[in-house]
Structures are given as structure tokens and as C-alpha cells.
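Read the structure below first, then the notes.
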Amino acid sequence: MQTFLFSALALLVVAFVLWQIWLDRQDRLERPCLDAWNQGLDHVRDLQDRGLHREARLALLELHQNVSMKPLRAPGLRRVLKRLSGLLLRDPVYRQVIKRVRARGTQGLSEMALCLSLGDCLVEDVRQSLRLASLVGQVQLSTQGDDTLIMLDPGLIGAGT
């Protein structure tokens with residue numbers, strides 16, 4: 001009986017040590033990605049503080065292309081997405097684009113109609129904002145002929161966001 005208890009305790013200790021090794025390995029895999037995102041988001045915030053919103057949007061698009069979010073576990077990913085959404089809300093063109101798309105609700109909105117309704121914004125700025133909104137999951141873009149149809153993400157309809 002004592003050998004069984006001793007064996008079970010030893011097996012429990014080995015399982016705990018292996019679990020700690022696995023957690024440390026996951027942290028080492030996540031850390032460079034999280035650091036890259038934080039540095040990139042700091043750079044974007046600095047650009048926005050200087051009023052360079054177009055360059056900030058370009059930097060966010062490049063950051064999303066170059067740094068993957070896959071190795072981030074839930075707590076790290078939540079922090080990155082919270083900072084990212086805060087930076088996007090500071091962008092005046094992004095806010096206008098999202099407001100117009102949300103005003104349409106479940107109906108689709110063509111990219112051309114959106115650009116015409118936002119006459120004081122450059123088409124390039126509207127398209128960058130749309131790409132960012134699709135990357136963070138706020139809108140869905142689908143190409144129909146020469147135009148792009150913009151729809152709210154079905155998961156956000158009725159979610160109050």
C-alpha cells in the first residue's frame with residue numbers, strides 16, 4: 001500500500017513538473033510576439049499623438065501582416081485587442097466609417113456609396129479604415145463586380161457594439 005501511495009505521489013510530482021515546463025515553453029513562444037505587438041502599438045500611438053493618422057493606419061496594417069496573433073494566449077490577446085481598439089477609436093476617419101456602416105444595420109453598403117457619403121475623407125483613408133475594421137472583425141467585406149459590399153459582422157448585430 002505504501003509503495004502505491006509513493007508511486008502515485010511521484011507520478012503527481014512528475015506531472016506537475018511537466019506542466020510547469022509546458023507553461024514556460026508557451027510563455028517563451030508568446031513573449032516575442034507580445035513584445036512586437038506592444039512595440040508596434042506604441043509606435044502607432046506616437047504617430048496618432050502627432051496627428052499622423054494615415055501613417056498610423058498603415059503601421060497597423062503592416063503590423064498585422066508581419067506579426068501573428070496565433071501564439072498569444074487569451075490574457076495577452078485580450079490586452080493587445082483592447083489597446084488596438086482604443087487606438088482605432090482615436091482615429092477620426094475610422095470612427096466615421098464605422099458609424100456609417102452601423103447606421104445601415106443589416107443592409108449592405110457599397111464601398112463607393114460610403115466613400116461618396118464621406119466626401120471630406122480621402123478614398124485611401126476610407127479603404128484603410130475598412131481593412132482595419134475587417135481585420136478586427138467589425139465588418140465583413142465581399143467583392144461584387146467592381147465594388148466591395150460592406151456588411152456588419154453577424155456576430156456584432158444585436159450585441160450592442
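Below, all heavy atoms of this structure are taken into account, side chains as well, without hydrogens, waters or symmetry copies. Sequence positions, counted from 1, serve as the residue numbers for this chain.
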Is it true that a side-chain atom of Gln48 and a backbone atom of Ala56 form a donor plus acceptor pair closer than 3.5 Å? no

With the 4.5 Å side-chain cut-off for hydrophobic clustering, are Leu58 and Leu135 part of the same group? no

About how many Å separate CD of Glu62 and CD of Glu55, when rounded to the nearest 0.5 Å? 11.0 Å

4.5 Å side-chain heavy-atom contact, Leu114 and Leu130: yes

Check: Ser117 main-chain N/O paired with Arg100 side-chain donor or acceptor under 3.5 Å: yes

Taking the side chain as C-beta and beyond, is there a heavy-atom pair between Leu60 and Arg131 under 4.5 Å? no

Are Leu84 and Leu47 linked, directly or through other ILVMFWY residues, by side chains that come within less than 4.5 angstrom of each other? no

Let me confirm one number: the CD-CZ distance from Glu124 to Arg54, rounded to the nearest 0.5 Å. 5.0 Å

Starting at CG of Leu88, measure out to OG of Ser129 and round the result to the nearest 0.5 Å. 8.5 Å

Connected via hydrophobic side-chain network under 4.5 Å: Ile150 and Val93: yes

Within the supplied structure, the quantity of interest is the number of heavy atoms (other residues, nucleotides, ligands) at a distance under 6.0 Å from Arg45 CZ; does it exceed 12? yes

Could you please spell out the steps behind the side chain to side chain contact (heavy atoms under 4.5 Å, CB included) verdict for Asn38 and Arg83? CA-CA 9 Å; Asn38 284 328; Arg83 285 190 66 197; 3.1 Å; yes

Tell me whether Trp37 shares a hydrophobic cluster with Leu61, the cluster being built from Ile, Leu, Val, Met, Phe, Trp, Tyr side chains joined at under 4.5 Å. yes

Would Val97 and Leu141 show up in the same hydrophobic cluster when neighbours are defined by side-chain heavy atoms closer than 4.5 Å? yes

If we only count heavy atoms from C-beta on, is the Gln39 to Leu63 side-chain gap below 4.5 Å? no

Which is it for Leu118 and Val123 under the side chain to side chain contact (heavy atoms under 4.5 Å, CB included) test, yes or no, and what are the steps along the way? CA-CA 9 Å; Leu118 296 171; Val123 174; over 6 Å; no

Beyond-backbone contact of Val101 with Gln138, side-chain heavy atoms, under 4.5 angstrom: no

Could you measure the distance from the CG atom of Asp91 to the CG atom of Leu132? Nearest 0.5 Å is fine. 8.0 Å

For a quick test of reading the model, state the closest non-hydrogen atom pair linking Arg90 to His53 and the distance between them. O-CE1, 3.6 Å

